[in-house]
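Each ligand, and each atom within it, is numbered from 1 in the order the structure gives. Note that this is a predicted model, so its numbers are computed, not measured. Numbering of residues begins at 1 and proceeds along the displayed sequence.
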Amino acid sequence: MKQLQSQIRSMDHKGYPAYKSLKGKYRFASYELWIDHVQGDPFASPSSLHVSISGKTAGIPAECYMEKHRRIALEDFLLRGFAKGVEKISFQAKGSGKSGLITASRPGQEILERSACQVGSENGTVLFRFSVGFPARGRSIDAHELEKILFVLLPPVVEKAGLYQNLNQKALQQSMELADDQKAIREQLAEKGLVAFVANGSVLPRESGISERPMKNAVVFQSPESLEIVLQLPHRGACAGMGIPKGITLIVGGGYHGKSTLLKTLEKSVYPHIAGDGREYIATEETGMKIRAEDGRSVYKEDISLFIRNLPNGKDTSCFSTLDASGSTSQAANTIEAVEAGSRLLLIDEDTSATNFMIRDELMELVIAAQQEPIVPFIKRVRQLYEEKGVSTILVAGSCGAFFHVADTVIQMDRYLPKEITQEAKKTAGAFPLKMELETGKLEFEEDREVFLLRSDDRNKIKVTGTDGFLINKKSVDLRYLEQITDGEQMLAIAKALEYLRKKYGGKTIAMEKLLDSVMNLLEKHGICALSEGSVVPNMAMPRRLEIAGCLNRFIGR
Ligand code: ADP
Ligand code: MG
C-alpha cells in the first residue's frame with residue numbers, strides 16, 4: 001500500500017502510459033488490491049481492478065457460503081451492496097475523459113452467479129471486481145486524484161460491503177432464508193409432479209416494458225381453489241399457491257386479461273428473484289423454454305421432419321438447413337432444438353407464434369389435402385411430445401378453441417385472476433369434435449445430431465449488444481429471440497462459452513450433446529470465471545445449457 005502510494009505520487013504530470021506500471025497486487029489494511037489491467041488513455045475503457053478480502057477478515061459465517069444455493073445468494077447480496085457503494089463514489093474524483101468513473105456490475109431482478117463477486121466455497125474469501133477510470137488532466141497523469149480514489153474513496157466502500165461486521169446482518173439472514181425457501185420450492189416441484197408454482201400474493205406484472213420492477217397497485221395473484229397446493233418451506237412455513245401439473249396446460253381468456261403476463265412470469269421464473277420483486281415465491285421447471293416464431297433465423301442440419309415434410313422444393317427436412325427460415329420452420333426448429341438440449345417444458349404464446357405452425361382448421365384440411373401441406377401442426381404433436389418424451393407445454397391460446405381437446409388443464413385469466421375451467425371447457429368442446437387425426441406412437445427424430453464447429457481465430461474480439469446478441473470479429477450473432485437471456489453479462493458468458501467450444505472442438509464434427517456437456521461440466525466444476533482466459537475476468541453471469549445451445553444452433557453452418 002505504501003509502495004503504491006509513493007509510486008503514484010512519483011507519476012504526477014507524467015504521460016498517461018506511465019500508469020501501466022501500476023499493474024500488480026498491493027496489500028491494504030483489510031484486503032488485497034489487484035490492478036489487473038490499466039487503460040491506455042483517459043478516453044479508453046476504464047482500468048480493471050479487483051479486491052480480495054480473506055475469509056478471516058471478512059468474517060462471514062460458513063453457513064452462508066458452504067452450500068451452493070446460499071453462496072450464490074450471498075454473492076448476489078454482497079455485490080448489490082458493493083455496487084451501490086461504488087455508485088456513490090463514482091466521479092468524485094475528476095478529470096478528462098473517463099477520469100474518476102467507477103463501476104461495478106449492477107444485477108437485475110434475478111439471483112445468478114456472477115463473476116463480479118465471488119466467495120470462496122471453502123475459505124469464505126470475498127472478491128469484488130470493478131473498473132476505475134484512472135484520472136488525467138488533459139492527457140497527463142493526475143496522481144492526486146488516483147490517490148484519492150484508491151486511498152480515500154474506495155477503502156470504506158470495500159469494508160462496508162465486504163466485512164460481516166458492517167453488513168446489514170438481518171437482511172443477509174433474510175436473503176439466506178429466501179434462498180433456502182426457493183430451493184425447497186424447486187425440490188417440491190419435482191416431487192409433486194408440477195412444472196410451475198405461483199404463490200398466492202405474488203405480483204406478476206412489471207412496472208413497464210423497460211422496467212423489470214414490480215407494478216405498483218397490481219392485482220395480486222390468487223390461485224383457484226382447484227389448483228391450490230400448500231408447500232412446506234423451511235423458513236416461511238406453509239406457502240399456498242397455484243401448482244401447474246405436468247402435461248398440457250392452456251391459458252385462455254379475453255384480450256388484456258393477463259394471459260401473456262402469466263406466461264412471461266413463468267418464462268422468467270426459471271431463475272430465482274430477489275426479495276421484494278413480487279416473483280420470489282414463483283418457480284418454473286428450470287429447463288422451461290420459450291418457443292416462438294423467428295422468421296429469418298438460420299437453421300443448420302436440423303431434423304424438423306416431425307413438423308415439416310414434403311417441401312415443394314424437395315428439400316430433405318430430416319437434415320434441414322437454411323439461412324432464412326420462415327415463421328413455421330423457425331418455430332419448428334426452435335421446438336426441436338429445445339427438446340434436443342433437454343427442455344422438459346415448452347412455453348408458447350399465440351401472440352408470438354406462427355399460426356400455421358400451431359394449427360390448421362377443418363375447412364382448410366378439406367380444401368388443401370394433407371399431402372399438399374408440408375406442416376404437421378403443433379396441435380397434432382403436443383400430446384405425443386408429452387407422452388413419449390415427457391415434455392410438457394404451457395400454451396397461451398386466446399383465439400383457438402381446438403387446443404381444448406388436447407389440454408390436461410385449462411386456466412382462464414379473468415381480470416388478472418386465474419380460474420380453472422378444465423371441466424367446462426372439455427364439456428363444451430365435446431360438442432365440437434376435433435376433426436383431425438392426432439399423431440401417436442413413438443416420436444422419431446434424429447437426436448444425436450452432429451455439427452461442425454468452425455475453428456476459432458486466435459484473437460477474437462467479442463462485443464455484446466445487450467440482450468440482442470453479440471458481434472464476434474464484426475460477425476453478428478442474433479440472439480434477441482432467446483427471450484429468457486437476462487442481461488448483457490449472461491450474453492457475454494454465452495459468447496465466451498461459444499469461444500471455449502470453438503477452441504476445444506473447432507474444425508471437428510461432433511455431437512451437439514457432447515459440446516453442451518463439455519461446457520456445462522466446466523461451469524459446474526469451476527464456476528462462471530472458468531470461461532475467461534487472461535488476467536482480466538470480465539463481468540459475466542451464469543447462463544443455462546438451453547441458451548448456449550440456442551447460440552450454437554444459430555452460429556453453426558454460417
Ligand atoms: P393478454 O395477454 O391477456 O392480452 P396481458 O398479459 O398482455 O394480457 O396484460 C394486459 C395488461 O394488463 C398489461 O399491460 C399488464 O401490465 C396488465 N396487467 C397484467 N396483469 C396485471 C395485474 N395482475 N394487475 C394489474 N395489471 C395487470
Ligand atoms: Mg397476450
Side-chain angles (χ1 to χ4, degrees), residues 108-110 195-225 227-228 239-244 248-270 273-284 288-295 327 331 334 345-359 378-379 382 393-404 407 409-422 424-425 480-484:
Q109 300 293 100
E110 311 80 14
V195 286
F197 174 79
V198 183
N200 294 342
S202 294
V203 175
L204 277 51
R206 300 294 96 191
E207 201 167 44
S208 71
I210 51 161
S211 163
E212 275 293 296
R213 298 158 67 91
M215 178 188 275
K216 296 187 187 88
N217 307 318
V219 176
V220 301
F221 191 86
Q222 177 65 41
S223 173
E225 228 167 272
L227 291 177
E228 188 166 274
C239 178
M242 179 171 85
I244 300 183
I248 290 98
T249 302
L250 219 52
I251 302 172
V252 299
Y256 224 69
H257 278 255
K259 304 182 297 295
S260 297
T261 303
L262 174 57
L263 192 80
K264 190 116 247 150
T265 302
L266 298 174
E267 290 165 26
K268 300 274 176 180
S269 300
V270 295
H273 288 103
I274 53 170
D277 174 83
R279 299 171 293 188
E280 55 269 55
Y281 295 100
I282 302 178
T284 307
M289 188 71 173
K290 172 69 177 288
I291 302 295
R292 55 166 295 157
E294 188 180 343
D295 305 38
Q331 196 162 356
N334 285 346
L345 172 66
L346 308 178
L347 299 159
I348 306 178
D349 193 330
E350 119 195 309
D351 290 356
T352 51
S353 291
T355 312
N356 58 344
F357 173 75
M358 298 303 292
I359 180 94
F378 186 73
I379 189 168
V382 63
T393 295
I394 300 178
L395 170 67
V396 169
S399 66
C400 179
F403 278 95
F404 287 134
T409 308
V410 183
I411 298 170
Q412 180 189 353
M413 292 306 288
D414 183 2
R415 274 163 272 183
Y416 312 128
L417 288 172
K419 292 197 226 160
E420 198 206 340
I421 58 161
T422 312
E424 301 93 295
R480 82 188 63 202
Y481 291 127
L482 293 177
E483 293 178 342
Q484 290 158 291

Distance under 4.0 Å to a non-hydrogen atom of Gly255: what atoms of ligand 1 satisfy this? 4 (O)
Return yes if some donor-acceptor pair links the side-chain N/O of Glu294 with the main-chain N/O of Asn334 below 3.5 Å, else return no. no
Residue, atom and distance of the protein heavy atom nearest atom 18 (N) of ligand 1 read Tyr416 CE2, 3.4 Å
Between Glu212 and Arg206, is the closest basic N to carboxylate O distance under 4.0 Å? no
Does Ser260 bring an N, O or S atom to under 2.8 Å of the Mg ion (ligand 2)? yes
Minimum heavy-atom separation for Arg279 and Ser269, please, with both atom names. CB-OG, 4.5 Å
When every non-hydrogen atom of Ser202 is compared with those of Ala199, the smallest separation belongs to OG-O, 2.8 Å
Flag side-chain contact, heavy atom, 4.5 Å: Gln109 against Pro214: yes
In this structure, does ligand 1 have an atom that sits under 4.0 Å from one of the heavy atoms of Gly254? yes
Which atom of Asp351 is nearest the Mg ion (ligand 2), counting N, O or S only? It is OD2
State if Gly253 counts as touching ligand 1 under the rule of any non-hydrogen atom under 4.0 Å. no
A student checking ligand 1 against Ala218 at a 4.0 Å heavy-atom cut-off should list atoms 24 (N), 25 (C)
Compute the shortest N/O to N/O distance between Thr261 and ligand 1 and return yes if it is under 3.5 Å, no if not. yes
Heavy atoms of other groups near Phe404 CZ, more than 12 under 6.0 Å: yes
At the 4.0 Å heavy-atom cut-off, does Met215 count as touching ligand 1? yes
Any idea which protein heavy atom is nearest atom 7 (O) of ligand 1, and the distance to it? Ser260 CB, 3.9 Å
If you measure from CD1 on Ile282 to CG on Leu204, what distance do you get to the nearest 0.5 Å? 4.5 Å
Test of understanding: given a 4.0 Å heavy-atom threshold, classify the contact between Pro205 and ligand 1 as side chain, backbone, both, or neither. side chain
Considering heavy atoms of the protein only, find what lies nearest to atom 24 (N) of ligand 1 and give residue, atom and distance to 0.1 Å. Val219 N, 2.9 Å
Between His257 (side chain) and Arg415 (backbone), is there a donor-acceptor pair under 3.5 Å? yes
Considering only the protein, which heavy-atom contact is closest to atom 8 (O) of ligand 1, and what is its distance? Gly258 N, 3.2 Å
Side-chain donor/acceptor of Lys259 to backbone N/O of Gly254, under 3.5 Å: yes
For atom 4 (O) of ligand 1, what is the nearest protein heavy atom, given as residue, atom name and distance? Tyr256 N, 2.6 Å
